Amino acid sequence: MASIARRTLLTGGLALVAAPLFTTSGLAASPQPWIAYDRRLRALLADPPEGGDFDADFEQTLFDLNNIFRGRQGPRALAWDKGLALAARAHAADMAVTGDFDHMTREGYSPAGRVGLLARDLVGAPGENIAMRRNVATVVRPDQIMEQWRTSPGHRANLLAPGFTHVGYGVYRQGQRVIAVGAYAEVAARLAGPAPLRVASAEAIAAALSHAAPAIQQFSVSEPGGEVLTTTYVEGRPQSALAAGAWQLRPHLSTGEHRYEVAWGPVFVLG
């Protein structure tokens with residue numbers, strides 16, 4: 001499944017970045033930092049940073065504007081996804097707290113990792129746009145954010161990517177400043193329900209996949225957000241032992257347009 005290359009634009013009161021998707025390693029990540037990051041994001045969703053709040057109307061308008069733009073350019077409309085919207089909102093609030101305006105957090109958490117934590121029934125390929133804007137005399141409007149994304153090549157590519165099927169927008173408004181995040185994905189399959197974050201064995205992951213639609217019989221794992229695959233499981237049977245730690249599910253697609261390709265799934269902590 002195609003990745004989206006990173007591009008960056010920083011100008012005056014406006015900053016935009018289109019996402020990197022991968023880090024490279026073949027090792028398990030330490031579990032505690034991922035557990036802590038999941039808690040941090042969920043705490044921000046439940047209680048946004050002081051002095052601001054999420055703007056649901058702004059998010060909905062970005063969604064509508066994105067689909068109007070796609071309709072004019074040819075790609076099919078995107079569907080709203082709750083898990084992607086959670087990932088987008090959480091990252092917007094997290095950037096407001098940390099002051100780090102980037103797809104990668106200072107600890108190295110990526111868009112693919114966030115989607116793997118918060119969109120726990122989704123199997124696909126993720127991408128991300130971010131923007132921060134502060135107007136001096138007026139409030140920031142959705143069309144201003146969308147216009148900046150439309151006129152930036154990397155962001156435009158995400159808005160119009162023909163493979164993307166779903167999106168969730170997150171907007172954190174703090175006075176005259178807005179931080180907006182678009183989390184996009186090409187959704188190739190859905191699990192029957194949210195996968196558990198903590199599991200005692202890889203067999204529990206195979207069980208979570210057992211009722212995926214379309215069916216998934218084979219999967220690998222990687223470091224969360226990482227491209228290097230390690231242990232592969234065929235119909236729930238491992239080809240080698242899987243070490244304890246934080247991993248991201250990498251399902252092998254067996255049906256549809258992307259048959260034989262490797263997708264992204266939920267992050268889980270083994271052991």
Side-chain angles (χ1 to χ4, degrees), residues 1 3 21-42 81-84 86-87 90 108-126 165-166 168 183 185-256 258-271:
M1 308 185 90
S3 63
L21 295 184
F22 304 126
T23 59
T24 56
S25 171
L27 304 175
S30 176
Q32 289 306 318
W34 281 92
I35 292 171
Y37 186 50
D38 179 75
R39 288 175 177 166
R40 176 172 119 197
L41 295 180
R42 292 182 186 278
D81 183 87
K82 181 185 294 186
L84 293 174
L86 290 176
Y109 300 118
S110 69
R114 280 188 292 281
V115 171
L117 285 174
L118 295 173
R120 300 203 60 79
D121 68 338
L122 187 152
V123 172
T165 57
H166 292 71
E186 180 177 2
V187 178
R190 292 281 188 182
L191 307 187
L197 176 61
R198 300 193 194 194
V199 295
S201 68
E203 285 70 25
I205 298 302
L209 280 173
S210 62
H211 299 294
I216 297 172
Q217 282 82 36
Q218 182 172 324
F219 67 92
S220 299
V221 296
S222 70
E223 177 188 9
E227 191 175 10
V228 178
L229 305 181
T230 57
T231 302
T232 296
Y233 288 72
V234 180
E235 294 182 347
R237 296 189 298 273
Q239 295 180 331
S240 61
L242 183 61
W247 296 97
Q248 188 153 20
L249 186 63
R250 303 299 303 279
H252 298 200
L253 304 180
S254 57
T255 60
H258 298 289
R259 189 177 182 184
Y260 306 123
E261 294 186 7
V262 179
W264 296 84
V267 171
F268 64 92
V269 174
L270 175 63

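Just so it is clear, the structure is predicted and the values come from calculations on it, not from any experiment.
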Over 12 non-hydrogen atoms of neighbours within 6.0 angstrom of CZ in Arg190: yes
Main-chain N/O of Gly225 paired with Ser110 side-chain donor or acceptor, under 3.5 Å: no
Tell me, do Leu191 and His211 make a side-chain contact under 4.5 Å, heavy atoms counted? no
Under the rule for salt bridge (charged side-chain N to carboxylate O under 4.0 Å, His left out), what residues qualify as partners of Arg40, not counting sequence neighbours? Asp94, Glu107
Measure across Thr232 and His252 and return the closest heavy-atom pair with its distance rounded to 0.1 Å. CG2-CE1, 4.1 Å
Please report the closest heavy-atom contact between Asp81 and Gly83, naming both atoms and the distance. OD2-N, 3.0 Å
Tyr109 and Tyr37 aromatic ring geometry - parallel, tilted or perpendicular at 30°/60° bounds: parallel
Pairwise side-chain contact, Leu197 with Arg120, heavy-atom cut-off 4.5 Å (strictly under): yes
N/O donor-acceptor pair under 3.5 Å between Arg250 side chain and Ser222 backbone: no
Side chains of Arg198 and Ile35 in contact at under 4.5 Å (non-hydrogen atoms): yes
So Leu242 and Trp247, do their side chains get closer than 4.5 Å, heavy atoms only? yes
Side chains of Trp264 and Pro251: closer than 4.5 Å at any heavy-atom pair? no
Given the rule in the side chain to side chain contact (heavy atoms under 4.5 Å, CB included) test, do Ile205 and Phe268 qualify, once you have shown the distances and angles that lead to the verdict? CA-CA 8 Å; Ile205 298 302; Phe268 64 92; 3.4 Å; yes
